[in-house]
Amino acid sequence: MSTTGIGQAVRRKEDKRFITGAGRYTDDLNRPGQTYAYFLRSPHAHAKINGIDLTEAVAAPGVVSIFTGSDVAADGLGGLICGWTVHSKDGSEMKAGAHPILAEDTVRYVGDHVAMVVAETYAQAKSAAELIVVDYNVLDAAADVGTAQDGSAPQVHAEAPSNTCFDWELGNKPETLAALKNAAHIVKLDLTNNRLIPNAMEPRAAIADYDSGTDEYTLWTTSQNPHVARLVLSAFVGVAPEHKLRVIAPDVGGGFGSKIFIYAEETACTWASAKIKRPIKWTAERSESFLSDAHGRDHVSHAELAVAEDGTFLGLHVQTKANLGAYLSTFASSVPTYLYGTLLSGQYALPAVYVEVDGVFTHTAPVDAYRGAGRPEATYLIERIVETAARELAFDPAELRRKNFIRTFPHQTPVIMNYDIGDYDACLDKALALVDYDGFPARKAEAESRGKKRGIGFSTYIEACGLAPSAAVGSLGAGVGLWESAEVQVAPTGKIEVFTGAHSHGQGHETTFAQLVCERIGVPIDDVEIIHGDTGRVQFGMGTYGSRSGSVGMSALAHALDKIEAKAKKIAAHLMEADAGDIELKDGVFTVAGTDKELAWAELALGAYTAHGFPTSEIEPGLKENAFYDPLNFTFPSGCHICEVEIDPDTGVTQIANFVAVDDFGVIVNPMIVEGQVQGGIAQGIGQALFEAAHYDETGQLITGSFMDYCMPRADDLPDFDLGFTQTDCPSNPMGMKGCGEAGAIASPPAVINAITDALGVRDIKMPATPARVWAALAAPSPSSD
Amino acid sequence: MYQFDYHRAQTVAEAAELLAANDENTLLAGGQTLIPTLKQRLAMPAKLIDIGNIADLNFIKAEGDAITIGAATKHADVAASPDVAKHLPALAHLAAHIGDPAVRNRGTIGGSLANNDPAADYPAAALGLDAKIHTNKRLIDADPYFTGMFETALEDDEIITEVTFPHPEKAAYVKFPNPASRYAMVGVFVAKTPIDIRVAVTGAGANGVFRVKEMEDALSSNWSPDAVTGIKVPEDDLLSDLHGAADYRSHLISVMAGRAVAATM
Ligand SMILES: Cc1cc2nc3c(=O)[nH]c(=O)nc-3n(C[C@H](O)[C@H](O)[C@H](O)COP(=O)(O)OP(=O)(O)OC[C@H]3O[C@@H](n4cnc5c(N)ncnc54)[C@H](O)[C@@H]3O)c2cc1C
């Protein structure tokens with residue numbers, strides 16, 4: 001077996017440049033003659049703009065040009081779009097106002113774009129912006145999702161009465177309501193899923209360069225999906241025709257979803273670079289990232305679970321208010337609907353599920369996909385209510401779950417998803433063993449003797465990755481297909497270039513995709529180059545999010561490699577004067593069955609290009625193939641996370657004493673990278689559970705606008721994670737892969753909160769469970785604490 | 001950042017002269033507070049007078065029954081000093097837990113005391129140990145030095161030159177860090193010096209660092225954690241924010257005071 005093939009912990013090829021500081025991120029790039037953009041942002045959550053006086057600002061030193069919403073409108077540019085149309089219960093389309101690139105007459109959140117100042121230096125642009133006089137008529141803001149639909153709340157968009165973008169439903173309503181009516185027990189829970197700010201290490205950035213000679217635009221930007229950016233900028237915003245726009249996402253330092261979206265800044269830079277006929281560069285300051293990167297989560301929910309006397313789950317009814325922010329971001333509407341409601345059956349054989357979601361506008365930054373996107377919210381809800389059910393009905397939390405596990409596959413849930421495969425008992429068993437569940441009472445008693453309160457919490461999660469079968473998502477409202485493409489180009493020397501539409505912003509594609517090539521062809525890994533993130537080099541692609549790169553992107557590569565192998569064997573047959581059916585390819589060598597004839601991979605490649613030894617009327621010269629792959633189904637990673645916490649009752653500080661995660665990701669290409677993904681995901685999930693929260697005050701000011709107040713998890717907050725894996729190969733794609741990028745962030749928050757509520761003996765505690773909240777819960781134990 | 005001139009001073013006298021020359025001139029020490037302020041365009045100094053390299057301000061001296069630390073001495077140097085470790089381990093511990101390594105290798109004791117951030121650590125040690133703050137003009141006792149949140153007795157053109165700490169019989173500092181910033185949400189310095197017993201609290205006071213007389217009295221008759229954990233500082237003068245309301249801070253003061261006393265035993 002190849003030491004660089006599937007299943008090997010190959011060191012990441014890309015790390016050499018990353019850890020030696022030789023990575024090339026957008027801000028590292030500079031263009032000759034480049035100018036700098038600074039965006040003047042609204043200091044108010046909601047205001048009418050009576051007028052903008054640029055007189056002094058345009059005269060400031062170094063200013064090249066200043067653009068406002070009226071300039072954008074005068075050019076007839078479209079606004080930013082949402083690529084997924086969701087329908088309300090009455091069948092009507094979601095309601096949304098326009099999303100202008102630069103505000104026209106109204107600003108709708110603190111950080112909204114009022115003007116773009118372009119100058120010779122960044123400092124000059126920023127100084128000139130201070131001279132812009134904006135006459136605001138400040139209005140009341142609707143900052144809180146819980147109250148934004150009240151009659152008296154200020155309106156975000158006239159088009160969306162009561163700030164309701166949609167009231168969506170999914171599932172079998174009559175059966176669910178009947179189950180709740182007749183059940184022996186009803187478990188009720190009110191939950192908040194706290195709002196998060198993504199905080200990728202690299203802030204968003206863009207350089208746009210217009211070539212007046214060819215009318216071509218090049219945009220370098222921090223994108224997870226450059227082809228999607230090109231499509232939106234050309235087809236919808238109308239900045240440039242698609243074939244005249246090249247979008248390059250060079251090294252990108254983390255995204256977590258926030259770099260999927262097409263934002264005002266890169267759009268405005270691209271458009272304006274043609275106006276001034278010079279390149280324009282913009283890099284967000286960290287405080288701009290806080291204000292204007294799309295945020296995540298922010299749900300308020302009420303859930304009711306119907307349970308039979310013997311613990312069988314009979315039905316689940318969920319009502320959720322999902323904050324969309326002030327404008328619909330690129331995929332905002334899909335996150336609290338089709339990526340959320342569809343996962344509410346969890347790992348359980350629930351006969352009835354009914355979910356109602358109101359998508360609510362508020363005067364806050366747009367909310368969109370963030371690591372897990374909808375599935376963390378679903379998992380939090382179901383795993384919290386199942387744990388609560390176990391406590392109320394006096395079941396062991398592991399046993400109540402086991403009693404309700406789905407065990408036959410495929411399994412059709414009441415909420416669209418058709419689970420293809422899984423073994424939930426195997427994950428639970430392994431996790432129970434790893435955590436030493438039987439030893440918990442002793443550990444709790446020992447902690448007690450040290451004055452600490454110890455608790456344990458479970459999360460047996462399922463999620464959906466591998467986004468997604470195009471026809472399926474199309475029927476649910478997606479404006480795009482979610483296939484992936486790959487191209488394999490073999491050079492005459494046998495070196496291999498792979499062009500993938502997936503995009504790596506930390507995931508390690510340059511290594512894992514190369515591992516698949518090594519596995520299939522048998523060439524050394526250094527002979528394989530993975531190229532991504534450039535619409536000028538990669539034919540097409542839908543990018544990376546939803547843990548789709550392996551199951552969809554590598555499946556496309558597998559198909560392209562099938563074609564390469566088939567053609568190479570045909571050529572080899574001619575070169576070795578044998579029958580194509582007798583040719584075998586192993587470890588980079590072609591052999592003919594039953595003979596000692598051999599042909600090295602590089603010799604074959606050269607032969608394909610010299611084209612001397614085969615009939616070019618039958619076989620074209622060259623060795624280059626591409627494939628588009630559309631998945632058959634979503635994939636369903638699942639697993640069991642168990643968390644043990646110790647709480648210091650004197651201070652309310654929670655320490656994670658033990659964290660076990662057992663995941664079933666199907667086939668694992670590189671266990672080292674997968675463990676890294678799981679660890680990072682759990683760190684983010686623990687961040688949500690214990691530390692992170694975006695907090696707006698009632699006027700819509702972001703209180704947590706810097707790391708001084710927005711608390712990120714740090715290494716010393718986290719224990720060593722105990723990781724384990726089980727494996728059921730995914731039958732829905734040729735790789736057998738399910739995806740691992742989001743599981744940690746999806747599974748871990750309920751495990752942590754279940755452990756804390758267990759330790760404290762309370763029904764709920766809001767995330768993040770800060771020391772102050774834990775102390776307050778201890779000081780006044782009540783059914784629910786703030 | 002706005003444009004400014006930069007001058008690296010060689011002596012305290014030179015720095016003092018430049019500082020007095022223009023109201024808009026500002027001292028720069030480690031820059032760990034000032035530079036972020038400049039980057040956010042919240043200050044527009046005419047000239048930055050860098051005192052970080054003045055040799056007379058960079059030293060740690062153990063003489064007699066006191067330790068004197070130059071104003072431009074970095075947190076990391078205080079944390080690593082054998083003299084401080086020997087005579088005032090509580091101060092070494094405090095310095096070692098300020099910010100992160102980058103902050104500790106730039107930030108200075110003089111800058112911290114001049115800035116008097118209500119959540120900074122050094123003010124608790126200065127007040128808790130009855131330190132003497134020497135300036136280019138005079139000597140100021142800790143009690144009158146701290147006059148309020150971000151306020152001190154320093155005049156506009158006054159430069160801290162050094163700080164003298166007595167060797168205590170017992171002392172300890174226990175900090176409950178703000179989870180996000182890791183500044184003190186509550187930090188309590190307790191000390192028993194030959195002269196008196198002091199309990200100084202940082203991070204919690206609406207007017208900056210303060211002493212808790214009731215705890216000091218209790219400790220003078222009974223140096224034990226139990227003496228202080230039952231004493232509550234009234235909530236009225238305490239900070240309340242996203243990370244902790246006044247009642248929580250009040251509670252933490254009692255807990256941290258108890259832990260600090262325990263740490264001396
Ligand atoms: C990320 C981060 C985390 C931090 N965490 C902590 C923490 O946990 N605890 C804590 O206590 N602090 C913390 N700090 C603050 C840090 O300790 C600073 O170093 C300190 O507050 C200021 O010292 P400085 O030398 O950097 O002063 P500067 O930033 O250079 O100056 C601050 C102010 O003091 C004035 N000044 C400086 N020196 C003198 C002097 N000798 N005489 C008169 N005026 C003077 C300056 O003019 C300026 O107004 C943190 C800072 C950062 C950036």
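All heavy atoms count here, side chains included; hydrogens, waters and symmetry mates do not. Lettering of chains follows the sequences in order, A, B, ..., and the numbering in each one begins at 1.
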Name all residues meeting the side-chain contact (heavy atoms from CB on, under 4.5 Å) criterion together with [X]; count only those two or more places apart in sequence or in a different chain, and write none if there are none.
X: S258(A); result: P198(A), Y263(A)
X: A128(A); result: A60(A), V63(A), V117(A)
X: V133(A); result: D53(A)

Margin query: Under 4.5 Å from any heavy atom of chain A, what part of M185(B) do you find: side chain, backbone, both or neither?
Written below: neither
Could you please show the donor-acceptor pairs under 3.5 angstrom between chain A and chain B, with distances rounded to 0.1 Å?
from, atom 1, to, atom 2, distance (Å)
A123(A), O, R41(B), NH2, 3.3
S127(A), OG, R41(B), NH1, 3.2
S127(A), OG, R41(B), NH2, 3.1
E130(A), OE1, Y2(B), OH, 2.6
E130(A), OE2, Y2(B), OH, 2.6
E130(A), OE2, R41(B), NH1, 3.0
D648(A), OD2, R259(B), NH1, 3.4
D648(A), OD2, R259(B), NH2, 2.8
D650(A), O, H251(B), NE2, 2.6
T651(A), O, Y248(B), OH, 2.5
D709(A), OD1, H243(B), NE2, 2.9
R714(A), NH1, P179(B), O, 3.2
R714(A), NH1, A180(B), O, 3.2
R714(A), NH2, A180(B), O, 2.8
D716(A), OD1, R182(B), NH1, 3.3
D716(A), OD1, R182(B), NH2, 3.0
D716(A), OD2, R182(B), NH1, 2.9
D717(A), OD1, R182(B), NH2, 3.2
D717(A), OD2, R182(B), NH2, 3.4
W775(A), NE1, H251(B), NE2, 3.1

Notebook entry, point to check: Are any of the side-chain heavy atoms of L252(B) and P771(A) separated by less than 4.5 Å?
Noted result: no
Next item on the list: Please say whether more than 12 non-hydrogen atoms of neighbouring residues, nucleotides or ligands are located less than 6.0 Å from CE in M265(B).
Entry: yes
Next item on the list: Might you work through the side chain to side chain contact (heavy atoms under 4.5 Å, CB included) test for F189(B) and V174(B), ending with a clear yes or no?
Entry: CA-CA 7 Å; F189(B) 202 103; V174(B) 176; over 6 Å; no
